[in-house]
Each structure stands twice: as structure tokens, then as C-alpha cells.
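The figures that follow rest on heavy atoms only: side chains count, while hydrogens, waters and symmetry mates do not. Quick note: residue numbers are just sequence positions, from 1.
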Amino acid sequence: METVVSKEATNQAELRIMYRKLLHELQERQEELGNIENYQLVGFMHDSQELFDKVTGPQEAVIDAKVMKLLAKFVRMQAEQMSSNITQFTYQEYAGKLLASMQVDRSQQVTSMTSMKMIRLGHQLKTRFRRSPPLTFLYGAVDFTQPPVKEKVIRTRQACRVEDLVETVSNTVTVVERTENQTEQLVTQVFRSLVIKYKETGRMPLDYFRFVMDPDSFGTSIENIFHVSFLVKEGKVAIFVSKETGLPMIMPVRSNYMQGQEENKDQLVMNICMEDWVRIVDRLGIEESVIKKMGK
């Protein structure tokens, strides 16, 4: 029994340390996280949610309340920076307009807000939302007029002379070939970057996400994953899971190496969104893309 209690106390102490570390980082980066162009605030929200799932005591709940207060402050700061063309959104002006529409006098010490005023506001706003049209009764037959009959025009077929025929020219093949050539060039560029980085690290396997992720572009990261799949299919690249870190690793291989290994091919469909991309780049500390763009 004493062992279980001591283990719970140790877990709570570790949780408080992680909470204080998160709170300290939020306090240090207040100016940065208050900027609307900073997307790392979502990652801190996920971290706070993961810690909150482990909260069992009042001390951890107090620290969580401080974290949530800071996160709410950053969300409000980013919301104040939102603008729609000319006008800029401020919650003070928005709340003032709501009170004015409900005829609430803010100068009085005792607020004159009542439930009837809230209901009246709801009736005014419900017309702004799209609703399906109601069913109505039909109190008579619909007027119907017979459409006029169109006379069929008999077209005379003209004879075609052989000398008037022109050879049909199609550009579809040219466009497809151009697209395929561009894809092959991009795949080759990805493989060349992998080989160069592999030699720089002393021929050691590379972290898969550090190789394919571009911290400046989510679309480029998806394209890199797509091009790497071509290399895996062609047997030029091997991907495996590291036993130490549990993360996927990537390395270039030779054709004779693949022939000497037992055939162990597994297919995987990976789902990744922009939030996942932001968290991966932030957690791994990726500052620049390993795969250089063509022409650089």
C-alpha cells in the first residue's frame, strides 16, 4: 500500500514539474505567442490538454488554471488582431453593440439585463441563419400551358472530300510526358539530397521526418513524402522503425542489397494534417529543409 502511495506522489511531483516548465515557457514567450501569425499556440494547447488528463490533485489543478489563463490571454490578443478588410475586430466594441441592441444601460450600477432581452435578441438573430423553407399547402391546380411543337428540321448531309480532311493533332501526350519528366526530376533531386546527407552523417540512417519535413512549407513536405514513396517502390530507399527511438528511419540502399535481403515489404497509409506538421517541426526543432529545391 505504501509503495502505491509513494508512486502516486512521485507521478504528481513529475506532473507539477512539467506544468511549471510549460508555464515558464509561456511566460517567456508572451510577446511571440500573442502574434496572430504564430501557429505554435495550438501546440501548447495540445500539451496543456495532455497534462490535464493526468491531473488528480488540487495543486496540479491550480497550476493548470494559471496555464489556461495565459492561453486565454494569448487567444484574446490574437483575436484582437483579426481584421476584415477595413474594420478590425475588438471584443469591447462587439460587446457594446450587443448591449446597445438589447437596450441595456451600462451607466447604471445594477445591470438591467433580463432573460426577456436575451430572448428578444435571439428572435432578431434567428433570421440571419439559413433555414430550410417550410412546407405550405397548395390551394389549387397549377396553371399549365401546352408548349408549342417544334418542327423538325431535316439537315442535308454534305459529302466530304478527301482533300479537305486535316490530320488531327493531339497535345495530350506531350503534356503527360512533360509532367512525368518533371516528376522524375523531382524524385531524382530527393534521392540526391538523401545520398549527400547520408554521406555527411558517416553513412548512418537518417530520421525520416527530419529528412522530408520543410519547416517553411506544408505543401512541400507533402510533396517530399510523395517523392520518397517512389524511391521506396523502386528499391532505392529503405524505411524502418528504430528500436531505440521508435521513430521511422530512412537510408539509401543498393539493388544487390535488396536482393540479398528477405522480402519484407509492408505498406502504410499515413494521415498528416497541418497541425501535425506544425507539432513535428516544433518538437524536432527543424529549422531548414534537408531536401534542396531544384535550381539551388
Are any of the side-chain heavy atoms of [X] and [Y] separated by less than 4.5 Å?
X: Tyr198; Y: Ile250; result: no
X: Ser48; Y: Asp64; result: yes
X: Arg210; Y: Met213; result: no
X: Val195; Y: Phe191; result: yes
X: Val75; Y: Leu41; result: yes
X: Arg16; Y: Val62; result: no
X: Asn35; Y: Gln78; result: no

Intermediate values then yes/no, side chain to side chain contact (heavy atoms under 4.5 Å, CB included), Gln12 and Gln59: CA-CA 9 Å; Gln12 292 178 358; Gln59 296 181 359; over 6 Å; no

Path from Met116 to Leu121 over hydrophobic side-chain contacts below 4.5 Å: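 No, separate clusters.
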
Crowding at CG, Asp53 (>12 non-hydrogen neighbours, <6.0 Å):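 For Asp53, atom CG is crowded (more than 12 foreign heavy atoms under 6.0 Å).
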
Pair Leu194-Val237, side chain to side chain contact (heavy atoms under 4.5 Å, CB included): steps then yes or no: CA-CA 9 Å; Leu194 176 61; Val237 165; 3.5 Å; yes

Test side chain to side chain contact (heavy atoms under 4.5 Å, CB included) applied to Val241 and Met249, step by step: CA-CA 6 Å; Val241 178; Met249 308 295 289; over 6 Å; no

Just verifying a value: how many Å separate [X] [atom1] and [Y] [atom2], rounded to the nearest 0.5 Å?
X: Arg20; Y: Gln27; atom1: CZ; atom2: CD; value: 12.0 Å
X: Ile291; Y: Leu186; atom1: CD1; atom2: CG; value: 10.5 Å
X: Lys54; Y: Glu14; atom1: NZ; atom2: CD; value: 9.0 Å

Side chain to side chain contact (heavy atoms under 4.5 Å, CB included) assessment of Val42 paired with Val278: CA-CA 9 Å; Val42 180; Val278 172; over 6 Å; no

